[in-house]
Every structure is written in structure tokens, then in C-alpha cells.
Amino acid sequence: MNRPRRSVYAPQEIEPKWQKIWADRGVMKAHDDSPKPKFYDLVMYPYPSGDLHMGHARNYVMGDALARMKRMQGYEVLHPFGWDAFGLPAENAAMRHPGLHPEKYTLDNISESKRDLKMMGMLYDWDREVASCMPDYYRWTQWLFLLMLQRGLAYRAKAPVNWCPVDKTVLANEQVINGRCWRHPEVEVEKRDLEQWFLKITDYADRLLDDLATLDGWPQKVRVMQTNWIGRSRGAEVDFPIDGLQGESVRIYTTRPDTLFGATFMVLAPEHPLVQRITTEKHRARVLEYVDKARKETEIERLSTEGEKTGVATGGFATNPVNGEKIPIWVADYVLMTYGTGAIMAVPAHDERDFEFARRYDLPIREVIAAAGRAQGPLREAYVGPGVMVNSDGYDGLDSAVAFEKICDDLEKRGVGKRAVKYRLRDWLISRQRYWGAPIPIVYCPTHGIVPVPSEQLPVMLPREYRPLAEQPDWYRTTCPVGGEEARRETDTMDTFIDSSWYFLRYASPHDNHEPFDPELANHWMAVDQYTGGVEHAILHLLYSRFFTKVLHDAGMLEVEEPFKRLFNQGMVKRFGQVMAKSAGNGVSIAQLSAEQGADAGRVYEMFIGPPEEDVEWTEAGLNGVVKFLQRVWRLVLEPKSIDISEGPAVAVNDAVLRRRVAQTIGRITEHYDELRFNTAVAFLMELANTMQDYLQGGGTRDGSWDDAVRTLVKLLNPLAPHMCEEMWQRLGEHGLLADASWPVFDPAAATEPKVTLVVQVAGKVRDKLEVDTGLSEDEALKLALAREKVRAALNGRGPSKVVYVRDRLINLVP
RNA sequence: GUCGGCGUGGCGGAAUGGAAGACGCGCCAGCCUUAGGAGCUGGUGCCCGAAAGGGCGUGGAGGUUCAAAUCCUCUCGCCGACACCA
């Protein structure tokens, strides 16, 4: 039999077709002068590693789907893309393949990844593409460094720094994890004293912390992590005069000035400058040995001794300013030179670490805060809570919180101490001894010292040859911009996190060659309305970007003080139990997916696979389920007559039910897309398709309600499966691109179930039926509650009742 | 250790305090096919029962409420971040 050929869903044909049309028409160009409300939809720009696969795609599908919906809703959407293109992997590749320049490696990867993104149907405004390794980008990265310098936020200092022996570079504090390099967990980080550039992020610690409270569109988790990272504490600095050193004292920092009377000894960090002078002859040998050992120990060895606190007495003593008591001074490596003043008063009764140390070295423990309800007697562990002051002279009997303030007042009056705030946050070390980064635009002149390269001479271009800058005299030999003397360029480059701290601003005016960004345009597009990316950037990138934004605000270049209004961290895609990665060999290739099931199927599947913030497992079976769904939609929309209706419907769906389902779906989908809850959104689309099929099988009349359902389904599915929907839209005879079509409007009244029937059963027998109008959807719960009261009243206390309420489509199931 | 988060079918997971298990995968039965790893229909939390029906069910124990997966207290177990920050 020769039946007319059915149209078959063939993604391999329609996907390239529509990708070309979108590109030709510039569908996702963002217009600066549009009268429409703006929506800045940003995905974290990636490092172009050259192995883009479906594991990366999840983030981009979310961003793209949101951009497409917002566009249909009438927003002028800025949805840009770029590349975090400086960095070590390119250099590593160049070292593995002699002759391969990091730039070539990077640019090749970019063009390859770009092709894959287009193949996935991502609509970016490619005219705004940025790559941080291009001179017209890093020119402005350098400019921003000079701005920092000008504002007193960049400084050079000799400091013990973290040195990764594999990457042969200094690492930021944030890049050291448990004493190991973040990129090479197999090696320990070494300590070296080097002259390095720092950014004074600590100047902004308070604002970075306090403004977290305004970021209610951020995950709580990230806000907590940043809060802890900044680690603000309030306390006091107190001077303890040193015995035998006239006029000199040890300054300590404590968060518990209320426990001053419980200080029974002091501890200095091994690196503390006073250690040498305090130590008595008798103790000198042992102290030197201890300090020497601590110096040599790497971070990791120090950590491994956790629980085994060690230290030595110096033989020196200091006087506690509140009670004149002389207490011994010890040296121990559990006190860090990098926090507070590098010296503490030890209060073993009320600090766990001091308690442990006192136990080990048999030092006295004196209780000065009485815990409510605790019986008298020796402490078994440090009591760190609040309580009533004891053994504290004139403060006895006070609440410890009150005594805290009073003691601080008294210390300040006597000039022996003062309130102080400390942070765990350190300044940001940005120097990197690497080639593939933005050169720090500084010249060292024998006469004028540290001289910034004048901004009109930017960019300081990277030399062509791939070799450490410090080994390229032709490059680093220069003349002083001030006096013309022979001078030397800074040969370090900047941490790539600097590049990524401002890229979202460059998108506003990516071709501006007068300034890093046009303040007017940046103010137009900022803040980012939705920022999506991995949780691994919860601290570093996000904190640095917030810092830059605040500095630029202070410089009068930006209105906003926070760059990202809403932040979302998507989960990772796994396969065979492991995160998809080239190295793990479990990545799903975009080209292959595209050629087989189609990009649309991959897009819908990654959204349906699980909650967007959770890690998910990619399976072929799951993907296949989505393919079936898309094929079913295709038939429902274009070939409804091909649906087998011989079996009849399971549940009767009439026009009214179909209309209501369509209206409900519009409401749910709009809300869930907006909140990036794509997994449930796909489920709603499937439900709509199921209802439509039931409608056909029930011999639906196919009046306007069917056509409306079809067009609504196509529009609602469009952000997730854009190629297929665009094709269906055209075949339905609609004119114009679906990408330009308007988003369906939610009508709450049309979505409301007409009524609820309450069937009252008592002891299994139906006693009563009540019809309750639930007309106002926002108040359904309340109405039901009222209905329940009505039922209970009707029963008039006749024993245990069971109340069942059913919606109209299931009414016939209840006798 | 501290701080966050999470415990729901065979699996991934749904449920503004209001029918627990939406949607999908898998599985079972049937239909259609030369065949199917295709398509269609129905079923599918657990226990008892041929069925009707009944009982039990969101890690565990209490509590609040007409009503709890959801709120509160305690407890057990996982996951993540930080980890000597005075």
C-alpha cells in the first residue's frame, strides 16, 4: 500500500538549517539603544580547554533557554560569551609539544569550542565575544591594574609566599588547598620569600562582608562560604610588657578580652620578630632548633601535626596588664604569624587549643567564666561559652558579654589595649612567574623606582617568543617612562583571576578602544540579572569580581556596587559514576550527539535529568526517553491524524479540560523556567503532551482549543528544543521566526479547576458530599480548610471520619 | 571539630502545611509486527486478599496542627565547604 510519506522528525536536517538562519538574521544581537527592558543573562566564561562536551553544556543550555524565554517575553537580552584564555594549560601543552605556541593552542581550542556551541543551538551575541589573551582585552586588564595602583590598592611587598614547585609559580592563598597546589594535589607548596604584587582586597573586607546581606538572589551556601572566607572577628589588641626589656611589649589579639584574667601564659608564632630577644640564654638552643624546624616545615607538615600541639618555653616573661601577673612566654607553631598579631595570650580554661597545650606542658588552668549550671571542680575541657565572671577582680559577677565591653573600655582608658577587628581574608597576591598572562605594566628604574607604564603606552605586549619573560632581555630592557634611563620591565604576569574579575563589564562595549568599558553602556546593562556557573567559583572568582566592582564604583565608573543580582550554581554531569571529562574518557561528544539523537534531545535531556543544582548521571536510556517525547510532540503538532486513537482514552479530556491544562502549563512553565527549575518544567510539558494525546483519543472536536494547545506547546518547548520548535512553527504555517514570537500569557482564571467535590466517608460509608468552589487558586488551601470545618460540623461529632476530596476528572472513581 | 545541605518506590526524582510517589527510566501483561533494542494500550510503593476492600508507608523517636515528607525538639546516617584564624 502506498501511503503518503509522513514527515519524520530528523534533527540532523533541521538543526543546521535553523542555526544558519538565526546567525544570518543576528537573532541574539543585543541592542544598546533598545527601548525594551534589559536582561543580562551571563554564563561563566570558560577556559578554552578544547574538550567541550555535554558535561559543559548543562550550564550553557540553562543560560540559553532563559535567554530565549526572556527574549520572547519582550526583554532586550544580553547573552554574551567569551574565553578565560590565559593560563597554565596552554603553557603545559606548549611544553609537551615543542613548537606549539600557547596562543595557537588557545585560539585553536576557541574555534573548535565555538563550533560545538553553535552546534548545540546556543544563541550568543558573538559580536561581543571576548578572549582575555587578546591585546585589546589585556590592555585594559593592565589599565585596571594601574587604576588599582593609583588608588593605593596595589602594592609590592616581600612576603613568604606559596610556591608550587611543579608550576614554578607563586600561588594565591586561595589556590592552596591543605598545603597543596590546587592544580597539583600531589605536591606540597613551598614557602619562599619574594617581592610580589598584592591587591589590597582587605581594604574592602567589611563591604564585601556586609553587602552579602543584599544578595538575596544568591544561594545561601555561597553567601555562607564567603562569610567564612572573609572571617571577620571582633576583639581587642592588648600590650603585655616584656620582663627585662624596658618599654617593650608583646601585642596580642584576642576575641575574648573578657577572659584576660584567665591568661596563664603567652604564645608567639615561631616567625615572630620578638622571639630572639625574649629568649633567655638557657633556652636559646632549644628555641632556635624549634623555630628552625617550624620554618622548614611546609604547610602540610604543620597541618599533619594537628592534635599534637608542640612548643617550647623561651624563658621570658611578660606582665598581664589587667592584674600585673607575670606569665611565661612560649613559642608554638599553632600560633600563626599571618593572623592577628602573631602572638596570643593563652587562656586554657576557655580556649580549646590553649587547653590542649596547657595539658600537654602542664601549665596552669584558671577558670574565669562560670558556666551556668556547671558544678565546681577541675575542667575536663575548655568552656568557650558565655557565663558569669569569676576570679576577675572588680569584674566578678558580671555577665561575660558585659565584662567584654567594660574591660575594653578600661584598657582603652589606660592606653594598654584597644578594640580591634581582624579578618581571615588576606591581600590578594597577583604576581605569577609565567609567560601566558597579562604582563604587569610596571618598569623598575634605578632613579625613579617603581614606575607605572603610562596608560597611553598600553598594552605592554607579550613578546612573541614563548620563553619566561625574565629570560628575554630584548623584551624586558626598556627605558624609564619618567627620565628615560635604562630600566627593566616587571617580568611577572598577572593571576588570570584578574582577567575574569571584569570580563562581564567588557561585554557592554567590547570594542571600546579608549577605556576598559563605556561607563554609560556598562551602567545600562549592569547588574547581571542571572549569572550561572559552577560552585567551584563560590569564593575566588565571585569574591574578586565583587571586589573589582566595588573599586570601579568608588572610582566613579560604575553605579552598581554588586555585579551579580542572581547567582545559580548548576550541578555537574556524570557518566559511569564519574564527572564527564576528556581525561576520564566518558564525555559525550557534541558532534556525535548532534549526528545521532540531535542537539535538541541533548538539551531537553540535560534539563530533565534531575534538579539543576544537583549532580546528575547521564544514561543512554534516559536520553532515549526524551527522544521519544520529542518524536511524540512532533507527531502531535504536525501529524495528529497519525496518532492511534483506536484504543480510546483512559480518561476523558474535553475542550474545557484541555484549555485548562494549557493555561496551567503556561503558568507553571513560565515560573519554573524563570527559577531555572527545568526538570519540573519538562515534566509539565510532558503532561501537556499526555493530555493532548488523551484529547485526540477521546475524539476531541479540534476546535480552537486544539490549535491553541499546539501553538502553546511549541512556544513553551522552544527555549529547550529551539530547532525543532522553529521547524514546527514554520510547518504550521506561521510567519516569522519563532525566536521572535511572543511568550504565551498566563491567565490564572483559565487555569483554575472549577470545583472540588468532597466525599465524606464515615467508617467506610459515604455520608455526605460537598461541592466546594475553589475558584481562587491562590486561596485553595484556605477554602479547603474551611470546607473541612463545615464537614466536621456536619458530622456533629460522630466519631472518626475520613475526608476524601477529588477533582472532577476522577469523580467517577468514587462510589 | 565547626558551619552548611540532604535522607521519599527497583532507579532519577515530584509534591504554596491539604489525595505522597507528578514526570521519566526500568519492569510486567496485552496489541501490532516476518522480526525488534520500533510503536501502541494497560499495570507497577509495600503487605493481606481471587476481587471488593483493608492495613502500613517519606531514616528513627517525640511534639505542634482538623491536617506534617513539609514546621519544632532530640537522634542516626550520608554529602559538601572550611579546617589550629586566638
Side-chain angles (χ1 to χ4, degrees), chain A residues 177-178 219-229 231-233 235 252-256 259 267 269 302-303 305-309 332-336 338-347 350-354 356-357 384 422-426 535-536 538-539 605 608-611 613-626 628-629 631-632 635 642-650 677 679-690 693 697 756 759 764 777-789 791-792 801-807 810 814-815:
Chain A
I177 297 154
N178 287 333
Q220 183 62 22
K221 180 183 169 182
V222 174
R223 291 201 278 171
V224 168
M225 283 167 75
Q226 293 215 353
T227 302
N228 293 340
W229 189 262
R232 179 165 65 195
S233 72
I252 60 101
Y253 172 71
T254 177
T255 55
R256 294 294 302 274
T259 64
V267 186
R302 271 207 188 187
L303 288 172
T305 61
E306 185 186 352
E308 289 269 316
K309 293 195 181 1
D333 66 2
Y334 80 91
V335 173
L336 308 173
T338 47
Y339 184 80
T341 59
I344 63 159
M345 64 166 187
V347 184
H350 306 292
D351 182 280
E352 285 164 11
R353 295 150 302 185
D354 299 344
E356 191 190 325
F357 195 79
V384 298
K422 299 283 175 194
Y423 304 90
R424 185 182 172 282
L425 183 71
R426 310 290 154 77
V535 72
E536 67 274 18
I539 294 174
Y605 177 50
F608 181 58
I609 191 167
E613 69 281 6
E614 297 290 329
D615 291 353
V616 291
E617 173 79 16
W618 174 290
T619 65
E620 296 301 316
L623 176 62
N624 200 41
V626 168
K628 270 158 60 178
F629 165 64
Q631 286 169 343
R632 200 147 61 89
R635 291 212 321 278
S642 75
I643 303 284
D644 179 6
I645 59 169
S646 59
E647 299 282 345
R677 294 160 67 192
N679 57 328
T680 44
V682 175
F684 298 148
L685 290 169
M686 288 171 166
E687 282 187 84
L688 175 59
N690 290 345
Q693 189 159 332
Q697 286 171 346
V756 165
V759 180
S777 57
E778 75 266 21
D779 225 348
E780 184 171 338
L782 180 62
K783 299 222 166 188
L784 278 170
L786 289 171
R788 288 261 160 76
E789 290 306 314
V791 169
R792 290 192 326 135
S801 64
K802 182 178 175 186
V803 178
V804 182
Y805 70 95
V806 290
R807 299 209 168 141
L810 293 176
V814 176

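So that the names make sense, note that chain A is the first sequence line, chain B the second, and so on, each numbered from 1. Keep in mind it's a predicted model, so treat the numbers as computed, not measured.
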Taking the [atom1] atom in each of [N] and [M], what is the distance between them to the nearest angstrom?
{"N": "B:C6", "M": "B:U73", "atom1": "P", "value": "14 Å"}
{"N": "B:C23", "M": "B:C32", "atom1": "C1'", "value": "27 Å"}
{"N": "B:G9", "M": "B:A15", "atom1": "C1'", "value": "15 Å"}
{"N": "B:G59", "M": "B:U70", "atom1": "P", "value": "8 Å"}
{"N": "B:A67", "M": "B:A20", "atom1": "P", "value": "14 Å"}
{"N": "B:G17", "M": "B:A69", "atom1": "C1'", "value": "11 Å"}
{"N": "B:A68", "M": "B:G1", "atom1": "C1'", "value": "34 Å"}
{"N": "B:C27", "M": "B:G36", "atom1": "P", "value": "15 Å"}

- prompt: Between A:Asp354 and A:Ile344, does a side chain to side chain contact (heavy atoms under 4.5 Å, CB included) hold up when you go through it step by step?
  reply: CA-CA 10 Å; A:Asp354 299 344; A:Ile344 63 159; 3.6 Å; yes
Between [X] and [Y], is any side-chain donor less than 3.5 angstrom from a side-chain acceptor?
{"X": "A:Tyr253", "Y": "A:Ser233", "answer": "yes"}
{"X": "A:Tyr605", "Y": "A:Asn624", "answer": "no"}
{"X": "A:Gln226", "Y": "A:Arg223", "answer": "no"}

Using nucleotides 20-27 of chain B, report all nitrogen or oxygen pairs with the protein that are shorter than 3.5 Å.
| unit_1 | atom_1 | unit_2 | atom_2 | d |
| --- | --- | --- | --- | --- |
| B:A22 | O2' | A:Glu687 | OE1 | 3.3 |
| B:A22 | O2' | A:Glu687 | OE2 | 3.4 |

query: Taking for each residue the nucleotide of RNA chain B bearing the nearest heavy atom, is the 5' side occupied by A:Tyr423 or by A:Lys221?
result: A:Lys221
statement: Assign each of A:Val616 and A:Asp354 the nucleotide of RNA chain B bearing its closest heavy atom; nearer the 5' end lies the nucleotide of A:Val616
query: Between A:Asn690 and A:Phe629, does a side chain to side chain contact (heavy atoms under 4.5 Å, CB included) hold up when you go through it step by step?
result: CA-CA 10 Å; A:Asn690 290 345; A:Phe629 165 64; over 6 Å; no
Just the rounded figure in Å: distance from [atom2] of [N] to [atom1] of [X].
{"X": "A:Gln226", "N": "B:G4", "atom1": "CD", "atom2": "C1'", "answer": "15 Å"}
{"X": "A:Gln693", "N": "B:G39", "atom1": "CD", "atom2": "C1'", "answer": "11 Å"}
{"X": "A:Glu352", "N": "B:A83", "atom1": "CD", "atom2": "P", "answer": "17 Å"}
{"X": "A:Met225", "N": "B:A83", "atom1": "CE", "atom2": "P", "answer": "10 Å"}
{"X": "A:Arg424", "N": "B:A81", "atom1": "CZ", "atom2": "P", "answer": "14 Å"}
{"X": "A:Arg256", "N": "B:A86", "atom1": "CZ", "atom2": "C1'", "answer": "11 Å"}
{"X": "A:Ile539", "N": "B:A81", "atom1": "CD1", "atom2": "P", "answer": "10 Å"}
{"X": "A:Trp618", "N": "B:G12", "atom1": "CH2", "atom2": "P", "answer": "19 Å"}

Counting only Watson-Crick pairs (N1-N3 plus N6-O4 or O6-N4) and G-U wobbles (N1-O2, O6-N3), all under 3.5 Å, who is the partner of [N]?
{"N": "B:C27", "value": "B:G43"}
{"N": "B:G57", "value": "none"}
{"N": "B:A35", "value": "none"}
{"N": "B:G80", "value": "B:C3"}
{"N": "B:U70", "value": "none"}

message: Using a 6.0 Å distance limit plus a 45 degree cone around the ring axis, check whether A:Lys422 lies over the aromatic ring of A:Tyr339.
response: no
- request: Tell me, please, whether A:Phe357 has A:Lys309 positioned over its six-membered ring: NZ or CZ under 6.0 Å from the ring centre and within 45 degrees of its axis?
  value: no
field: A:Glu352, CD atom: more than 12 neighbouring heavy atoms under 6.0 Å
entry: no
message: Once you apply a heavy-atom cut-off of 4.0 Å, does A:Ile609 come out as touching a base, just sugar-phosphate, or nothing?
response: sugar-phosphate
query: Does the side chain of A:Arg677 get closer than 4.0 angstrom to OP1 or OP2 of B:A14 through an N or O atom?
result: no
query: Would a 4.5 Å heavy-atom cut-off, applied to side chains only, mark A:Arg426 and A:Thr338 as touching?
result: yes
query: Would a distance-only check, ignoring hydrogens and angles, find a side-chain to backbone donor-acceptor pair under 3.5 Å from A:Arg232 to A:Arg424?
result: no
N/O to N/O distances under 3.5 Å, protein versus nucleotides 5-10 of chain B:
none

task: Just compare B:G13, B:A86, B:C40 and give me whichever is closest to any side-chain atom of A:Arg635.
output: B:C40
query: Between B:A86, B:G4, B:C3, which nucleotide gets closest to the side-chain atoms of A:Tyr339?
result: B:A86
- line: With syn meaning chi within 90° of zero and anything else anti, the base of B:G9 is syn
